[in-house]
Protein chains: 4
Amino acid sequence: MSPRPDVRDERVNQILDAAELVFAQKGFNQARMEDIAEEAGLSKGTLYLYIKDKDDLIVSILDRIFTGVFELMSTRDLAEKSATDALLDFASKMSHGYQKLSRLLPIAYEFFSLAFRNPVVQKVLKTYLQHYLESVLPVIQRGVDSGEFKEVDPQEVAIAFAAIFEGTTLLWAYNQELIHLDQHILAGVNLLLEGIWA
Amino acid sequence: MSPRPDVRDERVNQILDAAELVFAQKGFNQARMEDIAEEAGLSKGTLYLYIKDKDDLIVSILDRIFTGVFELMSTRDLAEKSATDALLDFASKMSHGYQKLSRLLPIAYEFFSLAFRNPVVQKVLKTYLQHYLESVLPVIQRGVDSGEFKEVDPQEVAIAFAAIFEGTTLLWAYNQELIHLDQHILAGVNLLLEGIWA
Amino acid sequence: MSPRPDVRDERVNQILDAAELVFAQKGFNQARMEDIAEEAGLSKGTLYLYIKDKDDLIVSILDRIFTGVFELMSTRDLAEKSATDALLDFASKMSHGYQKLSRLLPIAYEFFSLAFRNPVVQKVLKTYLQHYLESVLPVIQRGVDSGEFKEVDPQEVAIAFAAIFEGTTLLWAYNQELIHLDQHILAGVNLLLEGIWA
Amino acid sequence: MSPRPDVRDERVNQILDAAELVFAQKGFNQARMEDIAEEAGLSKGTLYLYIKDKDDLIVSILDRIFTGVFELMSTRDLAEKSATDALLDFASKMSHGYQKLSRLLPIAYEFFSLAFRNPVVQKVLKTYLQHYLESVLPVIQRGVDSGEFKEVDPQEVAIAFAAIFEGTTLLWAYNQELIHLDQHILAGVNLLLEGIWA
DNA sequence: CATGAATGAGGTTTCATTCAT
DNA sequence: TATGAATGAAACCTCATTCAT
């Protein structure tokens, strides 16, 4: 309808794409706004038509990442399966998702570090954990209720699962020769499942 | 040779202590050399008598940390116990060690992030994983050999254990209200053990 | 020639009105062209259809101001009065005029400052003084010639009058609680008149 | 006593001298910090060891100016003279002082302009007027009390005197060919005195 | 051994101006 | 005529590092 289709969303994504790439390559502080502008195919000044400042890029990138991951964690279609299959499916989806996001790992750890002194970042991460638990806890509870699992504490199990995801990813991050992300996530998950089967 | 031969070591540790503190509080990039000097009770110029430059502090701090953690991982006294008890002991020691190092977590994640583009940091982290595996693999193997554990792949189990350590720590890092470091590490380890007992 | 021949004048005044307001509020350098555009209800780009550049606004505004003040200083109807009444009338008109222009004072002092390094501005101010003297000198001379005033130097008196106007305004500019513009201008003028009456 | 005599005061004055010069030549906004550094014979970075930021220079310069002018306005030795002589002496001192400060006039008017939106600057100017009145009012009152002057309102007279000082200076600022600072201040003051003599 | 004054390269951000639509 | 997206020069300020004392 409007003469020029709204260019803002396009530009913002263009800039966030570029920022992700440059941050991953150089780290947040070594990344110069000019690098990002160049990578985005825009000029330095144009960046500031669409973002507030450099820090703003952090929150914007986090938002985009988690929006994607939250969709990934949707458990709509897990209800019909056994708890075990639902967890395995979930694990498989997460492991694929993490692999696709792997280019963002350097950024991720920088942001984790930031979370210790930046309340906004901290909040985003807390929300992430919350979402995760809301997705997984009911499935585990269902397994316990149905007698498929032992009488475990669902929250402890959910956290152990999450630890396997995050921990394996972290190990993989610093030794990609020794660790194979989906294989070792799957192995870890299976070990946990062995531990909770009735 | 110099009048007080160990004034150097004393000063270096003084500086690294200060750097750890300031890095943890402000992050590597926001930390000013002047902050570190002040925290160390020295002057800016004096710092440069004992360190090469700011980047040098990263490697020096990592070295100090891992020297400590490596001692922690020594398995000298694990040989006489059952594999299960040995792993539980190990887990308990690690969980305590991590807790003591928790003030360094913000630095740790910054360094993980750095590992993606700094070969020296990467090497330190690889060595760490190597050390860990060398400590834990024989214990697991012993458990398998003695029939205490199922016929699992020791490396997969070792990595799952490490993932529990690192992953729980990471989760704790961003939600210390929900996660209790040693309780949830212990829970995770127990779940894994349940999964591998014969 | 163009469909609405005087849209240009209308737009230019629209822009100068906006510029006066914004300059007075923020000062010349803090005023952004965008602020002026917004205040004028136009777009940034449109401004440049009617003005050369930001500096051009200074001269245009000065021109408009002095055109107004020159009309104010017209002494057409002073000829029939006594020199004293003529001067009092003149003072009263000026004092009213200054009060009406008071919203422009912040700009005025910025322009005075500019006069020291901008020849165009300097010329405008010199012309202003010239105009003033041409209006007032004959009246004073008439007062001397008619014996209404002592044998004073008309130029010295004219300058003292001007100093009272400008000086009181300046004092008022930085203490509007203590100084009341027309009251203190009138008081000053009366003191001067007392000094020159024969 | 101390190995290096305190260098701070020296540097600060060095910087303020340079800033006055550069501000007077280019105006506050056109003056680049680098210009000031160069003029001061220091490096850009060194400036910031001694001043907070560019704005800080404004207040510091004002402070230095007014400290000087306040000393000028001291009326210690005016008590023994007739009120008329005291005022003439005062006027003469002020006129000399203004002439010496004339290089700062471009700065002064820029600061006057600033006063409209900067409370700190406003306060400095108000204090200045206060000081002035405290110096001059008692002298005028004495003249009234002794019968040397008519029954005038001392405050109105004081303000008229100040207006003559400030107004003549302003006129001189934009036409130094037509106006001669001390001659025309003296003339103005004499006219006022003629007006108030009993 | 220790100091801290001085340096200056480098990065973020702003904003006057242009021009395709 | 009017727009507003895009540009890029320019300037403030920081801070790691050096070196004379």
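In what follows, every chain begins at residue 1, and chains take the letters A, B, ... in the order their sequences are listed.
- Listed by chain and residue number, A:Phe66 satisfy the ring-ring contact (aromatic ring centres under 6.0 Å, His included) test with A:Tyr128 (two or more places apart in sequence, or in another chain).
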Identify each donor-acceptor pair in which a side-chain atom of residues 12-22 of chain D lies under 3.5 Å from a protein atom, sequence neighbours left out, and give them as a table.
| unit_1 | atom_1 | unit_2 | atom_2 | d |
| --- | --- | --- | --- | --- |
| D:Asn13 | OD1 | D:Arg64 | NH1 | 2.9 |
| D:Asn13 | ND2 | D:Asp9 | O | 3.2 |
| D:Gln14 | OE1 | D:Arg11 | NH1 | 2.9 |
| D:Gln14 | NE2 | D:Ala40 | O | 3.0 |
| D:Asp17 | OD1 | D:Arg64 | NH1 | 3.1 |
| D:Asp17 | OD1 | D:Arg64 | NH2 | 2.8 |
| D:Glu20 | OE1 | D:Arg103 | NH1 | 2.7 |
| D:Glu20 | OE2 | D:Arg64 | NH2 | 3.1 |

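- Residue B:Tyr50 places no side-chain N or O under 4.0 Å from the OP1 or OP2 atom of E:dC1.
- Distance D:Ile15 CD1 to E:dA5 C1': 12 Å, rounded to the nearest Å.
- F:dA6 atom C1' lies 17 Å from atom CD of A:Glu38, rounded to whole Å.
- Using atom C1' as the reference point in both F:dT21 and E:dC1, the two lie 13 Å apart (nearest Å).
- Of the candidates F:dA6, F:dA2, F:dT14, F:dA6 carries the atom nearest the A:Arg11 side chain, counting heavy atoms from C-beta on.
- Protein atom NZ of B:Lys52 is 12 Å distant from nucleotide atom C1' of F:dT17, rounded to whole Å.
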Find every protein N or O atom lying less than 3.5 Å from an N or O atom of nucleotides 9-11 of chain F, and list the pairs.
| unit_1 | atom_1 | unit_2 | atom_2 | d |
| --- | --- | --- | --- | --- |
| F:dA10 | N6 | A:Lys44 | NZ | 3.3 |

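- To the nearest angstrom, C1' of E:dG11 lies 14 Å from CG of A:Leu57.
- Nearest to the side-chain atoms of B:Leu49 among the listed nucleotides E:dG8, E:dA2, F:dT1 stands E:dA2.
- Per the geometry, CG belonging to D:Leu47 stands 17 Å off P belonging to F:dC15, to the nearest Å.
- The list of salt bridge (Lys or Arg N to Asp or Glu O under 4.0 Å) pairs with a residue in residues 107-117 of chain C, not counting sequence neighbours, is empty.
- C:Ser43 has no side-chain polar atom (N or O) that falls below the 4.0 Å cut-off from OP1 or OP2 of F:dA2.
- Candidate nucleotides F:dC13, F:dT3, E:dT3 were compared by shortest atom distance to the side chain of C:Leu42, and F:dT3 ranks first.
- D:Phe116 approaches D:Phe112 most closely through the heavy-atom pair CD1-O, 3.4 Å.
- Two residues are said to be in side-chain contact when any heavy atoms from C-beta on lie closer than 4.5 Å; D:Leu170 and D:Tyr109 meet this criterion.
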Legend entry - Structure string for DNA chain E in dot-bracket form, Watson-Crick and G-U at under 3.5 Å, | interchain: .||||||||||||||||||||

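- Considering only residues two or more places apart in sequence or on other chains, D:Lys123 meets the side chain to side chain contact (heavy atoms under 4.5 Å, CB included) condition with D:Thr127.
- Contacts of B:Lys100 classified as side-chain hydrogen bond (donor to acceptor under 3.5 Å, both in side chains), with partners at least two apart in sequence or in another chain: none.
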Pairs under 3.5 angstrom only: tabulate donor-acceptor contacts from the side chains of residues 23-34 of chain C to other protein residues two or more places apart or in another chain.
| unit_1 | atom_1 | unit_2 | atom_2 | d |
| --- | --- | --- | --- | --- |
| C:Lys26 | NZ | C:Asp35 | OD2 | 3.3 |
| C:Arg32 | NH1 | C:Asp35 | OD1 | 2.7 |
| C:Arg32 | NH1 | C:Asp35 | OD2 | 3.3 |

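- Each of A:Glu34 and D:Thr46 has a nearest nucleotide on DNA chain E; the 5'-most of these lies closest to D:Thr46.
- Residues satisfying the side chain to side chain contact (heavy atoms under 4.5 Å, CB included) test with A:Ser43, not counting sequence neighbours, are A:Thr46.
- Atom-to-atom, NZ of A:Lys26 to P of E:dT12 comes out at 11 Å; the value is rounded to the nearest Å.
- When the side-chain nitrogen and oxygen atoms of A:Tyr48 are compared with OP1 and OP2 of E:dT14, none of them lie within a distance under 4.0 Å.
- Counting to the nearest Å, the P atom of F:dA16 and the CG atom of B:Asp56 are 14 Å from each other.
- Here the closest heavy-atom approach between residue A:Asn118 and residue A:Val120 is recorded as OD1-N, 2.9 Å.
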